[in-house]
Peer 1: 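Mind having a look at this structure? Questions to follow.
Proteins come first, then strands; the chains are lettered A, B, ... in the order of their sequence lines, and each starts at number 1. Here the structure is a predicted model, which is why all the values come from computation and not from measurement.
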Amino acid sequence: TVGAVALDKSGNLTAGTSTGGMTAKRWGRVGDAPIIGAGTYANNASCAVSATGHGEYFIRYHVAADICARMQYQGISLNAAANKVVNDVLVEAGGNGGVIAIDSQGNISMPFNSAGMYRASRSAGQAPYVAIFK
Amino acid sequence: MAKEEFAIAIHGGAGTILKKNMTPAKQKKYEQTLLKAVNTGYALLEQGKTSQEAVIAAIQILEESPLFNAGKGAVYTFDGHHELDASIMDGRTLNAGAVSGVKTVKSPIALAEKVMEESVHVMLSGEGAEQFAKEKGLALVDNSYFNTEARYKALQRAKKKLAEKERELKDFQAAHETLPNNYKYG
């Protein structure tokens with residue numbers, strides 16, 4: 001699975017995700033990537049999120065929308081919301097994976113509870129950041 | 001003047017990426033592709049383009065790389081084919097587009113964007129999504145376009161594990177549950 005989230009100069013957020021699915025999947029199994037609210041969500045009032053991991057958990061816990069809702073209704077930061085969902089809620093449930101997230105101030109959070117996550121980011125006027133492991 | 005805020009983040013998947021399997025040369029290839037994708041999206045934002053254009057451009061670079069499980073590098077289904085999914089959402093209008101189970105669309109994220117912008121629906125699946133892609137003139141390929149040696153070997157390993165476990169447990173679902181996590185990741 002691959003994904004991107006972005007904030008543009010007009011202050012608009014977009015989230016996108018694309019995937020080849022799960023190795024050896026059968027019966028037309030679909031994971032979280034194409035499910036709005038689970039693997040992809042964007043709302044200028046809070047944040048944009050793209051997820052990757054064990055799809056069944058990301059669907060059941062509507063991970064992408066949950067992170068944005070926590071920001072919007074609990075008034076917590078992007079990083080606090082993303083880490084709460086990825087490193088508490090999902091770990092508790094046994095769901096492995098991670099997210100990339102950005103808010104309307106340009107803050108970026110990329111938590112994951114698996115061994116690694118291919119990720120990169122770049123903010124206005126700064127050098128790019130690329131990482132795979134913790 | 002207030003500092004102009006714009007930024008982009010991308011991912012190429014999470015999972016049991018084991019350091020012992022990651023040679024320096026391989027790691028460099030991954031990092032170079034991630035860098036190309038994030039810089040491509042960043043350049044569009046810097047030019048004042050929309051976050052939607054930046055997201056699509058960055059994802060299409062990763063879809064065109066055999067390194068990542070999307071587009072060209074898609075994994076195999078149990079039957080030895082490829083079924084791809086994608087979605088996109090606009091934070092300003094809360095409009096969204098998604099496709100699942102497409103087999104001949106070269107860029108699934110481009111189709112998801114078409115669904116968002118040129119259909120009254122949010123999600124299309126399977127043959128209907130393929131029909132829509134054809135009507136909208138998107139690039140279509142044979143399913144074999146997504147074939148890669150590395151993913152084919154992964155499928156063989158997974159099926160071997162599944163067969164062993166299925167004999168033992170007499171149940172495919174239970175056997176699938178026993179697969180290591182990296183087989184369950186998108």
Side-chain angles (χ1 to χ4, degrees), chain A residues 1-10 12-26 28 30-36 39-44 48 50 52-55 96-98 100 102 105-106 108 110 112 114-124 128 130 132-133, chain B residues 4-17 30-31 34-35 38-39 41-42 45 48 50-52 54-55 58-59 62-63 68-70 74-75 77-78 82-92 94 96 98-101 108-109 122 154-155 158-159 162 181 183-186:
Chain A
T1 301
V2 304
V5 291
L7 168 71
D8 61 33
K9 287 182 177 178
S10 307
N12 292 320
L13 294 169
T14 299
T17 312
S18 180
T19 188
M22 171 198 272
T23 301
K25 71 180 179 185
R26 292 172 93 172
V30 175
D32 62 303
I35 310 294
I36 297 298
T40 301
Y41 189 77
N43 183 338
N44 280 7
S50 172
T52 171
H54 193 163
N96 294 92
I100 55 170
I102 191 167
Q105 278 73 49
I108 290 172
M110 304 192 281
F112 56 98
S114 46
M117 180 164 81
Y118 299 107
R119 61 201 188 284
S121 65
R122 191 167 182 191
S123 300
V130 181
I132 296 176
F133 301 102
Chain B
E4 276 184 328
E5 263 324 322
F6 59 92
I8 183 168
I10 65 171
H11 70 78
T16 50
I17 307 164
Y30 275 101
E31 289 172 348
L34 289 168
L35 205 53
V38 78
N39 282 334
Y42 179 86
L45 294 171
T50 66
S51 52
Q52 184 173 315
V55 160
I59 287 178
L62 300 176
E63 281 182 337
F68 301 100
N69 175 21
V75 297
T77 64
F78 189 85
H82 307 275
E83 294 172 4
L84 301 104
D85 311 327
S87 62
I88 188 163
M89 184 164 188
D90 171 2
R92 184 173 56 85
L94 301 193
V99 292
S100 71
I109 194 69
V122 169
L155 173 65
K159 290 184 86 166
L162 278 168
N181 265 331
Y183 286 109
K184 297 172 186 157
Y185 279 29

Peer 1: What are the two closest non-hydrogen atoms of B/N39 and A/R122, and how far apart are they?
Peer 2: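 For B/N39 versus A/R122, the nearest heavy atoms are OD1-NH1, 2.8 Å.
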
Peer 1: Please examine the side chains of A/T19 and B/L84, heavy atoms only from C-beta on, and report whether any two atoms are closer than 4.5 Å.
Peer 2: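 Side chain of B/L84 against side chain of A/T19, heavy atoms only: no contact under 4.5 Å found.
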
Peer 1: Identify the two heavy atoms, one from A/I108 and one from B/A7, that lie closest to each other, and give their separation to 0.1 Å.
Peer 2: CD1-CB, 4.0 Å

Peer 1: To the nearest 0.5 Å, tell me how far B/E5 CD sits from A/Q105 CD.
Peer 2: 8.5 Å

Peer 1: Can you see whether B/E63 engages A/S18 through a side-chain donor-acceptor pair at a distance of less than 3.5 angstrom?
Peer 2: yes

Peer 1: For the interface with chain B, which of A/T17, A/V130, A/N12 has the highest count of heavy-atom pairs at distances below 4.5 Å?
Peer 2: A/T17

Peer 1: Can you tell me how far apart CD (B/E83) and CE (A/M22) are? Round to the nearest 0.5 Å.
Peer 2: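 Atom-to-atom, B/E83:CD and A/M22:CE are 12.0 Å apart.
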
Peer 1: Work out which heavy atom in B/A98 is nearest to a heavy atom in A/P34; give both atom names and the distance.
Peer 2: CB-O, 3.2 Å

Peer 1: Evaluate the side-chain proximity of B/D85 to A/V30: yes if any heavy-atom separation is below 4.5 Å, no if none is.
Peer 2: yes

Peer 1: Compare all side-chain heavy atoms of A/I132 with those of B/E31 and state whether any distance is below 4.5 angstrom.
Peer 2: yes

Peer 1: What's the spacing between A/R26 CZ and B/L162 CG if we round to 0.5 Å?
Peer 2: 8.0 Å

Peer 1: Would you give the length of the straight line joining atom CG of A/L13 to atom CG of B/D90, rounded to the nearest 0.5 angstrom?
Peer 2: 9.0 Å

Peer 1: If you look at every heavy atom in B/V38 and A/P128, which pair is closest and at what distance?
Peer 2: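 Closest pair (atom of B/V38, atom of A/P128, distance): CG1-CB, 4.2 Å.
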
Peer 1: Relative to the ring of B/Y30, is the ring of A/Y118 parallel (under 30°), tilted (30 to 60°) or perpendicular (over 60°)?
Peer 2: parallel

Peer 1: So A/M110 and B/H11, do their side chains get closer than 4.5 Å, heavy atoms only?
Peer 2: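 Of all side-chain heavy-atom pairs linking A/M110 with B/H11, none is under 4.5 Å.
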
Peer 1: Return the set of residues passing side-chain hydrogen bond (donor to acceptor under 3.5 Å, both in side chains) with B/T50 (not counting sequence neighbours), or none when no residue passes.
Peer 2: B/E53

Peer 1: Under a 4.5 Å heavy-atom cut-off, does chain B meet the side chain of A/S10, its backbone, both or neither?
Peer 2: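 For A/S10, neither part sits under 4.5 Å from chain B.
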
Peer 1: Check whether A/T52 reaches the backbone of B/A14 with its side chain - one donor and one acceptor, N or O, closer than 3.5 Å.
Peer 2: yes

Peer 1: Tell me the closest heavy-atom pair linking B/M89 and A/I36, and the distance in Å.
Peer 2: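 Where B/M89 meets A/I36 most closely, the heavy atoms are SD-CG2, 3.6 Å.
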
Peer 1: Looking only at heavy atoms, what is the nearest atom pair of B/A9 and A/I100, with distance?
Peer 2: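 In this case the closest contact between B/A9 and A/I100 is O-CD1, 3.4 Å.
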
Peer 1: Which region of A/F133, side chain (C-beta onward) or backbone (N, CA, C, O), has a non-hydrogen atom less than 4.5 Å from a non-hydrogen atom of chain B, or is it both or neither?
Peer 2: side chain

Peer 1: Taking C-beta and beyond as the side chain, do A/L7 and B/S51 meet within less than 4.5 Å on heavy atoms?
Peer 2: no

Peer 1: Flag the pair B/L94 / A/N43 as yes when at least one side-chain heavy-atom distance between them is below 4.5 Å, and no otherwise.
Peer 2: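 Heavy-atom side-chain distance check passes, below 4.5 Å.
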
Peer 1: Is any side-chain heavy atom of B/I10 less than 4.5 Å from a side-chain heavy atom of A/R119?
Peer 2: no

Peer 1: List the steps, then state whether side-chain contact (heavy atoms from CB on, under 4.5 Å) holds for A/T40 with B/I88.
Peer 2: CA-CA 7 Å; A/T40 301; B/I88 188 163; 5.7 Å; no

Peer 1: Select one option (side chain, backbone, both, neither) describing which atoms of B/V99 are under 4.5 Å from chain A's heavy atoms.
Peer 2: backbone

Peer 1: Given side chains that start at C-beta, do those of B/F68 and A/V2 come closer than 4.5 Å, heavy atoms only?
Peer 2: yes

